[in-house]
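Predicted model, so just to flag it, every value in this text is computed and none were measured. Reckoned from all heavy atoms, side chains included, excluding hydrogens, waters and symmetry mates. Numbering of residues begins at 1 and proceeds along the displayed sequence. Read the numbers this way: they start at 1 and go in the same order the structure lists the ligands and their atoms.
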Amino acid sequence: MADKFLIDKAKTVLNQNYQKKGFTIPSKNLYPFQWKWDSGFIAIGFAHFDMEKAKKEINSLLNAQWKNGFIPHIVFHTKNDSYFPGADFHKSSLHPKSPVHIDTSGITQPPVLGFVLEKLYNIADDKDDVLNFLKNQIDKVYKNHEYFYSKRDINNEGLVYIYHNWESGTDNSPVWDDIWKTMNPPRYKFERKDTTHVDSSQRPTDREYDHYIDIIELAKKFNYDDHKIAKHSPFLVQDPLFNSILIRSNESLIRLYKILGGNEEKIKYLRSKNEKSLISINEKLYNSSIGAYLHFDLRNKKNIPLVCSSSFSPLFCGAPNFKIAQRLKSTLVEKFGKEDYYLCSSFDPEGMQHDPKKYWRGPVWINLNWILYNGLKRYKFKETAKRIKNDSLELVDKLGFYEYFNPSKKNSKNNKGYGGENFSWSAALTIDFLSEK
Ligand code: GLC
């Protein structure tokens, strides 16, 4: 399909998912609210053709920020019982600093807003207009970074933890499997809604959900108190993707504060945090025998020796030196980039747990591809970058703007997209891919 048609189709998806209240749902039926990192990618897409909507997207997310700087992973702008777990389950009001005017979840997602704000600025024709917008929003994002470093970097090493798999964005990755073995949650009674919209073979199992629910029950028992969660959560992980995004967003905030002028103290703070984060991500999360960055299980004090698409995300924030970056690229191409595979599987195609249909256990996701593409470009790995971009575009063009895709080309005639249809970030990032000069 010619680029222009694909862009037009993508714009239609975004406009159709846009809601009157000024935010965009990830996908009709399956995800009826506003999700944090989705919103960031969506704003990038809108910025190319409707900056007002891009700004509203960010505004409505930040409008749900907690007084302690925390930004929740879901904002429940409307009542809708087609999603579980909804506002009544999450009960954000338990935390004294949660907003009173709106319900949210009490877990977060990767801190994309810093680099998203910079993207908006770079894309904008009217720079003054975006600068005015930034002036009002940037401190909120800064406060979010302060929250992460003050509450979630418990060893003061520049690496922040996540306490729930949903915080990673890569919900049911095999990376968490061994953590589930350390837990023995009750069999909760709940009514899954996702499996009424999507084939259950493409979603996590009910037993997996028991674990997800159990951690939130624990957090609620402590009224979402960070200190107590850090002490007691069975899930406490330093995720290379989450931390790379934080570092990349620090970088953007520094650059934007410089453009805005003043703000010396904030720049100094972000710089010092970033320096420490860069050292630690390399020292603690890079594994030279595997040639990839690994997750670190803080609760059980060990790294998790599994390779997934997040393992390459430090390219996005410039963490590896050139030699390590080359090694990462080799691991990526050798393990994930065999001839009959689209880049980039969410989980190691050579791994026992790889499942090409199941959510974050194998399928290709467009947002991770976009992050890896930008990371590869940063190191001038042009060929691999081009391949990942072309693979992404081929998938959405042939199969539609689905939530995720089968990485295998073997049966490609029967291949179809999986999960939610007309999925916002698949559309938004297609626009960004195709708008590149
Ligand atoms: C799923 C994805 C998560 C995303 C959400 C909304 O839970 O795993 O990353 O933010 O859907 O699209």
*Asks:* Return the orientation label for the Phe41 and Phe115 ring planes: parallel under 30°, perpendicular over 60°, tilted otherwise.
*Replies:*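 Aromatic pair Phe41/Phe115 classed tilted.
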
*Asks:* Can Arg203 be said to sit on top of Tyr359's aromatic six-ring, NZ or CZ under 6.0 Å from centre and within 45° of the ring axis?
*Replies:*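 Because its charged atom sits under 6.0 Å from the ring centre and within 45° of the axis, Arg203 does stack over Tyr359.
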
*Asks:* Which ligand 1 atoms are under 4.0 Å away from a heavy-atom of Pro26?
*Replies:*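 Heavy-atom distances to Pro26 below 4.0 Å select 6 (C), 12 (O).
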
*Asks:* What is the nearest protein non-hydrogen atom to atom 9 (O) of ligand 1, stated with its residue, atom name and distance?
*Replies:*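 I find the closest protein heavy atom is Gly169 O, 2.7 Å.
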
*Asks:* Against heavy atoms of Trp37, which atoms of ligand 1 measure under 4.0 Å?
*Replies:*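 Close to Trp37: 3 (C), 4 (C), 9 (O), 10 (O).
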
*Asks:* What protein heavy atom lies closest to atom 7 (O) of ligand 1? Include the residue and the distance to one decimal.
*Replies:*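 Answer, as residue, atom name and distance: Asp171 OD2, 2.7 Å.
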
*Asks:* Is the His211 ring parallel, tilted or perpendicular to the Trp180 ring (thresholds 30°, 60°)?
*Replies:*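 Tilted.
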
*Asks:* Taking the six-membered ring of Tyr379, is the NZ or CZ of Lys329 close enough (under 6.0 Å from the centre) and on axis enough (within 45°)?
*Replies:*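 Cation-pi check for Lys329 and Tyr379: fails.
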
*Asks:* Which of the atoms of ligand 1 are close to Trp35, meaning less than 4.0 Å from one of its heavy atoms?
*Replies:*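 So the atoms of ligand 1 that pass are 5 (C), 6 (C), 10 (O).
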
*Asks:* Among protein heavy atoms, which lies nearest atom 1 (C) of ligand 1, and at what distance?
*Replies:*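 Looking at atom 1 (C) of ligand 1, the protein heavy atom closest to it is Tyr359 OH, 3.1 Å.
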
*Asks:* Within 45° of the axis and under 6.0 Å from the centre of the six-membered ring of Tyr418, does NZ or CZ of Lys358 qualify?
*Replies:*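 No cation-pi geometry.
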
*Asks:* Polar contacts were defined as any N/O atom of the residue lying under 3.5 Å from an N/O atom of the ligand; does this apply to Trp425 and ligand 1?
*Replies:*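 By distance alone, the answer is no.
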
*Asks:* Below 4.0 Å, non-hydrogen atoms only: which portion of Trp166 touches ligand 1? Side chain, backbone, both or neither.
*Replies:*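 No part of Trp166 comes within reach of ligand 1.
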
*Asks:* Decide if atom CD of Glu191 counts as having more than 12 heavy atoms of other residues, nucleotides or ligands within a radius under 6.0 Å.
*Replies:*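 Atom CD in Glu191 is not packed in, count stays at 12 or less.
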
*Asks:* Could you tell me whether Phe423 and ligand 1 have an N or O pair separated by under 3.5 Å?
*Replies:*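 No, there is no polar N/O contact under 3.5 Å.
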
*Asks:* Can you classify the ring geometry of Phe23 versus His77 as parallel (below 30°), tilted (30 to 60°) or perpendicular (above 60°)?
*Replies:*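 Because their plane-to-plane angle is under 30°, the rings of Phe23 and His77 count as parallel.
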
*Asks:* What part of Gln109, side chain, backbone, both or neither, has a heavy atom within less than 4.0 angstrom of ligand 1?
*Replies:*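 The side chain, only.
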
*Asks:* For atom 12 (O) of ligand 1, what is the nearest protein heavy atom, given as residue, atom name and distance?
*Replies:*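 Looking only at protein heavy atoms, the one closest to atom 12 (O) of ligand 1 is Asp38 OD2, 2.7 Å.
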
*Asks:* Which option, Trp360, Trp365, Tyr404, owns the non-hydrogen atom nearest atom 8 (O) of ligand 1?
*Replies:*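 Shortest heavy-atom distance from atom 8 (O) of ligand 1: Trp360.
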
*Asks:* Do other residues, nucleotides or ligands put more than 12 heavy atoms under 6.0 Å from the NZ atom of Lys193?
*Replies:*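 Atom NZ in Lys193 is crowded, with more than 12 foreign heavy atoms closer than 6.0 Å.
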
